[in-house]
Amino acid sequence: MTNKAAEIDELVARWVRPQIRQLSAYQVADAEGLIKLDAMENPYQWPEALREEWLDLLRKAEINRYPHPQAPGVKAGLRRTMAIPDGMPLVLGNGSDELIQMIAMTVAGPGRKVLSIEPSFVMYRMIATFLGMEYQGVALNPDFSLDITSLLSEIERTQPALIFLAYPNNPTGNLFAQDDLLRVIEAAPGLVVIDEAYAPFTDVSFVPKLGQYANLLVMRTVSKMGLAGLRLGLLTGPAAWINEIEKTRLPYNINVLTQISAEFSLNHQSVFDRQTAAIRQARDTLLGQLQCIDGIEPFASHANFILVRLAPGRADHVFHDLRQCGVLVKNMHGSHPLLADCLRVTVGTPEENSAFLAAFRP
Ligand SMILES: Cc1ncc(COP(=O)(O)O)c(C=O)c1O
């Protein structure tokens with residue numbers, strides 16, 4: 001190693017916080033040339049006529065200017081299509097990932113804690129770590145339901161500033177009992193954020209409960225319904241909370257192209273509704289097909305993916321074999337004890353799902 005390289009390593013070791021050095025960066029697999037069933041994307045493009053209309057708008061985009069700081073057109077579209085009640089303001093994020101960070105920054109401080117359940121979306125823990133907050137994960141029951149006794153006692157013990165609950169949960173795909181979630185909201189001393197990233201694939205929501213609880217916020221994203229490339233998420237709830245969180249938002253975080261594209265596409269919500277309805281149907285078909293395969297355990301899902309448990313020791317092999325056959329899924333084995341031997345497959349088009357099944361040798 002050259003002297004300069006050693007000097008750099010020394011400085012990095014001295015100054016980068018140990019919590020950051022110990023982290024691994026969020027991994028995104030290379031999907032080049034593969035059928036991409038790893039990231040809960042909507043597999044469908046837009047009809048050609050709609051693309052043309054959209055491109056006409058983009059041609060006029062003033063990318064020499066900063067975007068509108070508040071993105072009012074985007075907010076109006078989200079409010080309308082997601083039935084956000086009047087009086088509940090929105091704050092927008094560059095994906096809901098950024099909102100998780102903004103919420104955590106708003107409440108971070110010495111001794112402040114973030115709590116979530118495990119296994120769940122990994123960014124809750126990662127962002128708590130970025131901000132030097134203590135993170136407490138409470139394991140789900142083996143059937144992925146909430147262990148409400150442990151959860152309530154951990155809330156009592158740790159007094160978390162912030163609780164994230166994904167509903168439906170990723171990577172398990174299930175919904176928790178509403179009554180249990182209400183007990184958590186009532187017991188929590190701080191904020192409870194219900195993360196409804198998979199709302200397009202289920203019929204239940206906490207949006208109608210907004211305002212009934214002083215500590216309840218709901219987070220959504222447009223990623224899973226078909227706009228993952230735009231990077232746009234929203235958080236809503238009582239104004240007093242949203243106004244504080246809004247202060248942590250970086251200026252112009254929703255860029256010009258995203259604003260134009262989101263506003264346009266939310267005016268064509270029926271296209272997404274048809275696509276997500278097709279994905280739901282394909283999910284149920286795929287689940288039925290997986291249930292017919294001996295020796296594996298597919299878990300029922302209210303999202304656009306299915307978690308499957310394979311025979312002990314098979315997950316790595318099956319993951320690599322699928323990849324060899326051109327199909328990329330997510331290998332969950334090793335990420336949490338409750339996910340031993342599990343793969344997570346995103347629901348694609350019927351053709352993609354058939355290709356997955358043809359290559360799947362559990
Ligand atoms: C539960 C949950 N919340 C949030 C996200 C992030 O969504 P976004 O694309 O809006 O950052 C994901 C992505 O997988 C997720 O599973």
Side-chain angles (χ1 to χ4, degrees), residues 28-61 63 67 71 73-74 77-78 80-82 92-97 168 170 173 196-202 220-234 254-287 289 301-306 322-323 325-330 344-359:
V28 178
D30 179 11
E32 181 87 36
L34 301 175
I35 295 177
K36 197 168 180 315
L37 302 179
D38 66 326
M40 286 81 94
E41 293 143 328
N42 172 340
Y44 296 106
Q45 294 277 3
W46 295 353
E48 199 48 40
L50 205 61
R51 290 180 78 80
E52 286 303 317
E53 231 184 289
W54 170 57
L55 289 173
D56 282 343
L57 285 177
L58 289 184
R59 259 178 220 114
K60 292 180 217 137
I63 51 165
V74 177
L78 292 169
R80 190 182 65 247
T81 54
M82 297 189 185
L92 303 184
N94 189 323
S96 36
D97 288 343
N170 168 21
E196 297 188 341
Y198 298 95
F201 309 101
T202 185
R220 294 269 185 103
T221 176
V222 300
S223 295
K224 316 300 173 182
M225 78 184 207
L227 296 170
L230 293 188
R231 308 306 295 129
L232 177 67
L234 66 134
I254 310 301
N255 72 68
V256 169
L257 301 181
T258 294
Q259 291 198 26
I260 294 173
S261 308
E263 195 175 339
F264 170 77
S265 46
L266 292 166
N267 281 331
H268 295 90
Q269 181 64 25
S270 59
V271 173
F272 299 107
D273 290 344
R274 279 197 296 277
Q275 293 180 347
T276 51
I279 293 166
R280 278 194 200 206
Q281 201 164 35
R283 170 191 70 198
D284 297 342
T285 305
L286 181 59
L287 180 69
Q289 289 162 323
S301 167
H302 293 264
N304 61 340
F305 56 85
I306 295 175
L322 282 167
R323 209 184 160 116
C325 296
V327 181
L328 181 66
V329 299
K330 180 90 174 173
R344 185 192 65 197
V345 55
T346 299
V347 179
T349 63
E351 296 72 30
E352 289 174 332
N353 301 335
S354 299
F356 159 72
L357 283 172

Which atom names give the shortest non-hydrogen contact between [X] and [Y], and what distance separates them?
| X | Y | answer |
| --- | --- | --- |
| Glu352 | Gly348 | OE1-CA, 3.3 Å |
| Leu232 | Ala262 | CD2-CB, 3.7 Å |
| Ser261 | Leu230 | CB-CD2, 3.6 Å |
| Gly173 | Pro168 | O-CB, 3.9 Å |
| Leu257 | Ala61 | CD2-CB, 4.1 Å |
| Asn170 | Phe305 | CA-CZ, 3.8 Å |

Nearest-0.5 Å distance that lies between atom [atom1] in [X] and atom [atom2] in [Y]:
| X | Y | atom1 | atom2 | answer |
| --- | --- | --- | --- | --- |
| Met225 | Glu41 | CE | CD | 14.5 Å |
| Lys224 | Thr346 | NZ | OG1 | 8.0 Å |
| Asn353 | Ile279 | CG | CD1 | 9.5 Å |
| Thr221 | Met40 | OG1 | CE | 11.0 Å |
| Lys36 | Asp30 | NZ | CG | 10.0 Å |
| Ser265 | Ile260 | OG | CD1 | 11.5 Å |

Side chain to side chain contact (heavy atoms under 4.5 Å, CB included), that's the test. Do Leu57 and Glu263 meet it? Break it down for me. CA-CA 11 Å; Leu57 285 177; Glu263 195 175 339; over 6 Å; no
Steps toward side chain to side chain contact (heavy atoms under 4.5 Å, CB included) verdict (Leu78, Leu92): CA-CA 10 Å; Leu78 292 169; Leu92 303 184; 3.6 Å; yes
Take the angle between the ring planes of Phe264 and Trp46 and call it parallel below 30°, perpendicular above 60°, tilted in between.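 Tilted, since the angle between the ring planes falls between 30° and 60°.
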Side-chain donor or acceptor of [X] paired with backbone N/O of [Y] under 3.5 Å:
| X | Y | result |
| --- | --- | --- |
| Arg80 | Leu266 | yes |
| Thr276 | Asp273 | yes |
| Asp38 | Lys330 | no |
| Arg280 | Thr202 | yes |
| Thr81 | Gly77 | yes |
| Gln259 | Ile254 | yes |
| Arg283 | Ile306 | no |

Please check if atom CD in Gln269 has more than 12 non-hydrogen atoms from other residues, nucleotides or ligands closer than 6.0 Å.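 Buried by this count: over 12 neighbours within 6.0 Å.
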Are there more than 12 heavy atoms of other residues, nucleotides or ligands under 6.0 Å from atom CD1 of Ile63?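 Check fails, neighbour count at 12 or below.
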Take Leu227 and Phe272 through the side chain to side chain contact (heavy atoms under 4.5 Å, CB included) test and state the conclusion after the steps. CA-CA 9 Å; Leu227 296 170; Phe272 299 107; 3.8 Å; yes
Side chains of Asn255 and Arg231: is there a donor and an acceptor less than 3.5 Å apart?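 Result is no, nothing qualifies.
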